Amino acid sequence: MRLTRYFLPVLKENPAEAQIVSHRYMLRAGMIKQQAAGIYSWLPLGYRVLRRIEQIVHEEQQKAGHIPLLMPTLQPADLWRESGRYDDYGEEMLRITDRHKRDMLYGPTNEEMITDIFRAHVESYKQLPLTLYHIQWKFRDEVRPRFGVMRGREFLMKDGYNFDLTYEDAIHAYNRHMVSYLRTYERMGLQAIPMRAASGPIGGDNTHEFLVLASTGESEVFYDSAITSLKFGDRVVDFDDRAECAKIVEEWTTPYARTDETHDVALFHEIPAERQKTSRGIEVGQIFYFGTKYSEPMGATVVTPDGNRVPVHMGSHGIGVSRLLGAIIEASHDDKGIIWPEGVTPFPVGIVNLKQGDGAADAACEAIEKALLAKGLEPLYDDRDERAGAKFATMDLIGLPWRITVGPRGLAAGKVELTSRRTGESEEMSPEAAVARIAEIYAGV
RNA sequence: CGGAGUGUAGCGCAGUCUGGUAGCGCACCUGCUUCGGGAGCAGGGGGUCGGAGGUUCGAAUCCUCUCACUCCGACCA
């Protein structure tokens, strides 16, 4: 992508309303524009990252055997009257009346609707287990939206729902979700720690929240520092293998890690003192097992092998997709701007032409762009007629993890410069070598 | 929902107390110079001052009402 043909409205100064670093950088990097309290337009750069994150979530869900579908944002109130939540949910639910005076709502979550789909089409235990999910916009009319996309009213969320015959099956679904979430966050360059949590209005007994440690987090968390050295890595998982999933879950849930809601001081102090850590955390996901809470009142039942009809065991599992952008930036930035992990970066690499209009520099940049595109990597080529400093500042702000700098001086010696955004370290090499290096880096992402 | 603030050009702000033709920096446009870490000079364009009503010869400025947004706290993916 040529920057002169792109739409990247970067700001030099900090917008007054943005208090935390992720919000500031998202506004300054031209990723989002606020339209109302807690409601944002996603500008091209932000949209690219959002789609990347969504993509990773989709891939990891489907690896775990979960099936995508798409439910609407608007839902009929009657479904929610069945579960009893229409009255329970309170002011956070945005209620709408259509022209026929029917009560509607903008979905804050989808347990009722997915249960309705299930009960309409599933009759037998033979159709189980089943896990359906979607990535869709939600609306929760927060009293006080803040921190940009971290606490918006409208937000993009992956929510998945498992339907199982027995408690044991449902617990395997729970474990499967935990494993898939661990992989998902790690691919995004995040360390999200599963912590025992309280269940809240969704209900249920078994629940973990995934928290990213960051000083701007809204939750206070307590953990054993041993958990932060756990890595999922590139291990291959058979998601149908119950013992394997359970073992991984055990690995991640044995070290103490809890939010303030479930914190147990006595247990916490059993950890060696030097490993007792307190921090703030950003909640980026949550998994629940809630049994028959919805299936029973809403009649989501299946016929068992012995001919009885029983309500299915369910759980729900959410990842805050739009919030993740904020969380990633909170966890990965410096005083110059964002530092995207390779997994979610909007562009894999930036090309900076130090002397736009110089025949050799222009030709070299174009050749590098073409070579990268041929490898399926789309660079952002800063072809503006700007000074070097301005181009560097823009690249640093928008946080592309790699930068290829091309100038007449280096070209005279057949060299360009490859710079890591994270370390700031540069290395001179031929254009071909730089392209090869970028391809190598992204081969494993 | 309790408390505190803010709305003036795309962004950051001054001007409001003490009413008198709406300003500054950045950004934008034109020209010249400059060119490896947000350049310099010269010229230029852009705002019915959140909205409505009122007071006044005259309102960004005073009064009333209203809308929006932000921050702190309590609540939440």
Side-chain angles (χ1 to χ4, degrees), chain A residues 9-20 23-24 27-28 30 33-39 57 89-93 107-110 135-160 181 192 197-202 207-212 217-219 259-261 281-288 316-327 336-337 352-358 361 382 384-397 403 405-411 415-417 419 424 426 428:
Chain A
V10 299
L11 303 175
K12 222 164 169 179
E13 286 172 281
N14 282 321
E17 75 270 18
Q19 295 302 309
I20 64 167
H23 191 194
R24 273 205 305 272
L27 290 167
R28 286 195 49 204
K33 179 183 186 312
Q34 180 168 340
Q35 305 291 169
I39 300 177
V57 172
Y89 220 93
E91 295 283 307
E92 256 190 34
M93 180 187 279
T109 176
N110 284 64
I135 298 179
Q136 177 63 290
W137 293 94
K138 306 290 188 289
F139 196 92
R140 294 184 193 174
D141 200 355
E142 299 279 345
V143 193
R144 192 181 157 211
R146 63 187 117 170
F147 303 151
V149 300
M150 299 265 282
R151 178 155 301 284
R153 290 193 293 171
E154 188 184 52
F155 58 97
L156 189 61
M157 179 168 126
K158 171 260 161 179
D159 46 320
Y181 277 26
S199 64
I202 299 196
T207 176
H208 280 84
E209 287 180 346
F210 290 78
L211 287 107
V212 174
E218 294 186 82
S219 321
T259 65
D260 50 359
E261 292 167 325
I282 300 166
E283 192 190 330
V284 293
Q286 187 159 15
I287 57 177
F288 292 98
S316 76
H317 319 276
I319 292 180
V321 173
S322 49
R323 172 179 285 184
L324 272 167
L325 274 89
K336 292 181 188 149
V352 167
N353 185 342
L354 290 174
K355 199 169 176 74
Q356 205 68 42
D358 176 273
D382 189 344
R384 295 175 300 170
D385 187 17
E386 287 283 350
R387 297 161 67 91
K391 293 191 177 189
F392 291 145
T394 299
M395 281 295 172
D396 288 346
L397 175 63
R403 184 182 85 207
T405 309
V406 180
R409 210 162 70 196
L411 282 176
K415 304 282 190 187
V416 297
E417 207 173 80
T419 306
S426 290
E428 292 204 334

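Per chain, numbering begins at 1; letters A, B, ... match sequence-line order. It should be emphasised that the depicted structure is a prediction, and the values quoted were computed from it without experimental measurement.
In this structure, the side chains of A:Arg403 and A:Glu417 come closer than 4.5 Å at one or more pairs of heavy atoms. You'll find the side chain of A:Lys391 stays beyond 4.5 Å of the side chain of A:Leu354, heavy atoms only. Taking the side chain as every heavy atom from C-beta outward, A:Leu27 and A:Glu17 approach each other to under 4.5 Å. For the pair A:Gln356 and A:Asp382, the minimum side-chain heavy-atom distance is 4.5 Å or more. Taking the side chain as every heavy atom from C-beta outward, A:Met395 and A:Thr419 never approach each other to under 4.5 Å. At a threshold of 4.5 Å between non-hydrogen side-chain atoms, the residues A:Val416 and A:Leu411 count as touching. Counting heavy atoms from C-beta on, the side chains of A:Gln35 and A:Glu154 never come closer than 4.5 Å. Taking 4.5 Å as the limit, every side-chain heavy atom of A:Ile319 sits out of range of all side-chain heavy atoms of A:Phe210.
Rounded to whole Å, the C1' atom of B:G12 lies 28 Å from the corresponding atom of B:G31. Comparing the C1' positions of B:C41 and B:U56 gives an interatomic distance of 46 Å, to the nearest angstrom. A gap of 29 Å separates the P atoms of B:G15 and B:A39, to the nearest Å. Remark: the separation of the P atoms in B:G51 and B:A60 is 11 Å, to the nearest Å. The separation of B:G40 from B:C35, taken at their C1' atoms, amounts to 12 Å, rounded to a whole angstrom. B:G23 and B:U16: their C1' atoms are spaced 14 Å apart (whole Å). Atom C1' of B:C24 sits at a distance of 15 Å from the matching atom of B:G46, rounded to the whole Å. Rounded to whole Å, the P atom of B:C17 lies 38 Å from the corresponding atom of B:C29.
When both distances must be under 3.5 Å, the Watson-Crick or G-U wobble mate of B:C24 is B:G12. Look at B:A60: it lacks any Watson-Crick or wobble partner with both distances under 3.5 angstrom. Here B:U55 sits opposite no nucleotide as a Watson-Crick or G-U wobble pair (both hydrogen-bonding atom distances under 3.5 Å). Base pairing analysis places B:G47 opposite nothing; no Watson-Crick or G-U wobble pair with both distances below 3.5 Å involves it. Base pairing annotation: B:G5 forms a Watson-Crick or G-U wobble pair with B:C69, both donor-acceptor distances under 3.5 Å. In this structure, B:A42 forms a base pair with B:U30, meeting either the Watson-Crick or the G-U wobble geometry with both donor-acceptor distances under 3.5 Å. In this structure B:G37 sits in no base pair that meets the Watson-Crick or G-U test at under 3.5 Å.
Atom P of nucleotide B:A4 and atom CD of A:Gln19 are separated by 19 Å, given to the nearest angstrom. One interatomic measurement links the two molecules: CG of A:Asp385 to P of B:C28, which rounds to 12 Å at whole-angstrom precision. With rounding to whole Å, A:Met395 atom CE is found 15 Å from B:G36 atom C1'. Rounded to a whole Å, the CD atom of A:Glu13 is 7 Å from the C1' atom of B:G25. The distance between atom CG of A:Asn14 and atom C1' of B:A27, rounded to the nearest whole Å, is 15 Å. Between the CG atom of A:Asp141 and the P atom of B:C1 there is a distance of 11 Å, given to the nearest Å. A straight line from CD of A:Glu17 to C1' of B:G5 spans 15 Å, rounded to a whole angstrom. Atom CZ in A:Arg24 sits roughly 14 Å away from atom C1' in B:G12 (whole-Å rounding).
Applying the 3.5 Å distance criterion, the base of B:G38 shares no donor-acceptor pair with the side chain of A:Glu386. Scanning atom types as modelled, no donor and acceptor separated by under 3.5 angstrom connect the side chain of A:Arg146 and the base of B:U70.
Of the candidate nucleotides B:G73, B:G36, B:G38, B:G38 has the atom lying nearest to any side-chain atom of A:Ala393. Among the nucleotides B:C11, B:C69, B:G36, the one closest to the side chain of A:Thr405 is B:G36. Between B:G36, B:G12, B:U70, one nucleotide has an atom nearer to the side chain of A:Pro15 than all others, and that is B:G12. Comparing B:C11, B:C71, B:G36 by their closest approach to the side chain of A:Arg144 singles out B:C71. Of all nucleotides listed (B:G37, B:G36, B:U70), B:G37 comes nearest to the side chain of A:Lys336.
The side chain of A:Gln34 places an N or O atom within less than 4.0 Å of a non-bridging phosphate oxygen (OP1 or OP2) of B:U70. In terms of phosphate contacts, A:Lys12 brings no side-chain nitrogen or oxygen within less than 4.0 Å of OP1 or OP2 of B:C11. Distances shown here put every side-chain N or O of A:Arg387 at or beyond 4.0 Å from the OP1 or OP2 atom of B:G38.
Of the two residues contacting RNA chain B, namely A:Leu397 and A:Gly285, the nearest-nucleotide position lying further toward the 5' end is that of A:Leu397. Nearest-nucleotide positions on RNA chain B for A:Arg28 and A:Glu142 put A:Arg28 closer to the 5' end.
Base engagement by A:Arg403 is indicated by at least one non-hydrogen atom pair under 4.0 Å involving a base atom. In this structure, A:Thr394 reaches the bases: a heavy-atom distance under 4.0 Å links it to at least one base atom across the strands shown. Among the protein residues, A:Gly326 comes within range of no part of the nucleic acid, since none of its heavy atoms lies under 4.0 Å from any strand.
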